[in-house]
Amino acid sequence: MASLLRAAATLGLFPRRGYCSRGAQGELSKGFVEALKAVVGSSHVSTAAAHREQHGHDESMHRCQPPDVVVWPQNVEQVSRLAALCYSQGLPIIPFGTGTGLEGGVCAVQVCSAPLPRIPPLSCLGSGPLPCVTFVAASTLPYLPPGGSRVATRSVPRWGPMECGLALERRRSISNLPPFLSGWCLHQPDPYGPNPEAESRRFLCGGGARRHPQSSQHLPAGQWPLVSCGKSAAGYNLTGLFVGSEGTLGLITAATLRLHPVPEATVAATCAFPSVQAAVDTTVHILQAAVPVARIEFLDEVMMDACNRHSQLNCPVAPTLFLEFHGSEQALAEQIQRAEEIAGHNGASLFSWAKEAEERRRLWAARHSAWYAALALRPGCKGYSTDVCVPISRLPEILVQTKEDLKASGLTGTIVGHVGDGNFHCILLVDPEDTEEVRRVMAFGEQLGRRALALHGTCTGEHGIGLGKQQLLQEEVGAVGMETMRQLKAMLDPQGLMNPGKVL
């Protein structure tokens, strides 16, 4: 992994204009940098401005706030020694993976951060009187134990997107699994991140990482012994506690995932609808009819137009569902027939089926590139993504209302969602120099978050809290829930050095 130590700038939005100056902040001593190098080697420690700035931001509109140093640990022992070193000096640590987060989770807003070995990175924040360190994750190499049905990662997973489904498709050659089988341990996966494999495709919701880890090994902050915990009825569910903690409770160094069989046959499809209401109603009806759809994604007409341009598709510019079915040839025929009947009842047209692997790959590649397709609608602007999730029965209500609000707002934006899970995103394009537009975008996001809460949903289905949704988290879990989380944080990270300033 790599470790970054950086001085962080004052928390804020846009722009990413270089790293902030130290000012009156504490200096990072040469002795401490040398101590880091003694652990991982000189080539795996950097205080260069370019490296620091690279690890001081994600894909969100939160401006760059770099750490003082970046470190790339190479194994679990190095992670433990680096973490103990930072903790002994009171330097904050920020885990860093691929930098595809959307809530400013890697910005050094307080004291210090550092990236993990060819495992994921960590980072230390630097906005306080102390410098900060970032650990950058190294590539992870999952392996399949002999005769096993679960895949384990030998090194620290990255803080970035992952796809458990790849293990299904490649379980006969598990060593080919990509290195980004990672950040989901600290954060939910980002299904439209820069990695074309970023969607958790084997899960109905597209964001199922929290539900599928079977066990983990982690280093609790302040202690740094390796703690193993697995899925069982023995004691508290520590795996669940650390999964999705956004790097605020400790460092995850290994994970074991459950594998699912590769289906006999796979078919994908797109289907255009006359309205958002018709498309979302179809989603609800398919799920209520218990049609075993493997993936079901929604894109509004603006998003479809953007994907056509960006990925050279020729799909109708209309509210559209992307679907995928898995099973035996006979089962697929039944699933397809039932889905076509339901869609036709809701006015669907132009059903297009993709049975060959290359056709499916091209279709889903366009969906995976939705974030960048949306950004291309307004070059030079930044993207802001909402992330609400509601019960399926309330999905038509909130999605239709959100579409109307988006049209009335005058903002440039699209809607895309993992509607099989009740989760969807508005991707809003905003000029970072226009303070009034930034204010309107933030207000739109807060209004949508509160509407989801009113419908017994959540303000974030995947992206996490980070810096951007802390007020909505308080409204969602209440005073007692917040205090419980603070006490857990104080117990596991008594000095508050793990990714400080995030979540709580």
Side-chain angles (χ1 to χ4, degrees), residues 191-192 199-208 211 267-304 315-316 318-327 331-332 334-353 363-364 367 370 386-407 414-427 448-462:
Y192 48 73
E199 181 188 332
S200 334
R201 65 177 65 168
R202 298 301 173 190
F203 311 138
L204 181 63
C205 64
R211 299 197 299 271
V267 175
T270 61
C271 183
F273 291 85
S275 67
V276 171
Q277 180 82 56
V280 185
D281 282 347
T282 298
T283 299
V284 175
H285 296 162
I286 285 176
L287 295 175
Q288 289 177 340
V291 178
V293 59
R295 286 197 274 186
I296 182 165
E297 300 278 315
F298 169 79
L299 294 82
D300 72 355
E301 71 280 3
V302 181
M303 189 75 260
M304 283 306 305
C315 295
T320 300
L321 290 180
F322 282 40
L323 306 100
E324 188 167 279
F325 301 90
H326 300 164
L332 280 185
E334 296 174 354
Q335 295 170 25
I336 290 170
Q337 178 184 0
R338 188 71 180 114
E340 285 184 324
E341 290 175 355
I342 294 172
H345 179 74
N346 286 298
S349 62
L350 301 173
F351 238 109
S352 176
W353 295 98
L363 183 66
W364 288 110
R367 167 62 186 89
T386 65
D387 183 38
V388 300
C389 187
V390 298
I392 291 294
S393 61
R394 311 306 295 270
L395 185 62
E397 175 184 349
I398 189 171
L399 234 170
V400 171
Q401 184 61 57
T402 299
K403 183 64 176 178
E404 293 175 357
D405 290 348
L406 185 55
K407 290 179 178 178
T414 70
I415 299 179
V416 58
H418 325 297
V419 286
D421 195 34
N423 179 218
F424 70 93
H425 315 285
C426 289
I427 304 177
L448 179 55
R450 293 188 173 100
R451 178 176 292 140
L453 296 182
L455 296 177
H456 306 290
T458 176
C459 66
T460 177
E462 294 178 310

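As the structure is a prediction and not an experimental result, all values here were calculated from the model.
The CD atom of Glu301 sits 8.0 Å away from atom CD1 of Ile415, with the distance rounded to the nearest 0.5 Å. Distance CH2/Trp364 to CZ/Arg295: 4.5 Å, rounded to 0.5 Å. Note that CG of Leu299 and OG1 of Thr320 are 7.0 Å apart. Values are rounded to the nearest 0.5 Å. Atoms CD and CD1, from Glu340 and Ile286 in turn, are 10.5 Å apart once rounded to the nearest 0.5 Å. Arg367 CZ to His418 NE2: the interatomic distance, rounded to the nearest 0.5 Å, is 5.5 Å. Rounded to the nearest 0.5 angstrom, Gln335 CD and Leu323 CG are separated by 11.0 Å.
Between Leu399 and Lys403, every side-chain heavy-atom pair lies at or beyond the 4.5 Å cut-off. Inter-residue side-chain proximity for Phe424 and Leu448 is flagged as met; some heavy-atom pair is nearer than 4.5 Å. Residues Trp353 and Phe325 are in side-chain contact: their nearest non-hydrogen atoms beyond the backbone lie under 4.5 Å apart. With contacts defined as side-chain heavy-atom distances shorter than 4.5 Å, the pair Ile427/Val416 qualifies. Between Thr458 and Asp387 the shortest side-chain heavy-atom distance does not fall below 4.5 Å.
Within the 3.5 Å criterion, the main-chain N or O of Ala278 finds a donor-acceptor partner in the side chain of Ser275. Between the side chain of Asn423 and the main chain of Val388, a donor-acceptor pair closer than 3.5 Å is present. Remark: the backbone N or O of Thr414 is not paired with any side-chain donor or acceptor of Asp300 at under 3.5 angstrom. Between the side chain of His425 and the main chain of Thr386, a donor-acceptor pair closer than 3.5 Å is present.
Between Arg451 and Glu397 there is no salt bridge, since no side-chain nitrogen of the basic residue lies less than 4.0 Å from a carboxylate oxygen of the acidic one. Salt bridge Lys407/Glu404: absent, no basic N to carboxylate O contact under 4.0 Å.
Across Met304 and Ala318, no two heavy atoms sit closer than the pair CG-O, 3.4 Å. Among all heavy-atom pairs drawn from Gly420 and Leu287, the shortest one is O-CD1, 3.7 Å. Here the closest heavy-atom approach between residue Ile336 and residue Val267 is recorded as CD1-CG1, 4.1 Å. Considering all non-hydrogen atoms of both residues, Pro274 and Gly347 come closest at CD-O, 3.3 Å. Across Ala279 and Pro319, no two heavy atoms sit closer than the pair CB-CB, 4.4 Å.
Asn346 pairs with exactly one of Thr283, Asp281, Thr282 by the side chain to side chain donor-acceptor pair (under 3.5 Å) rule, that one being Thr282.
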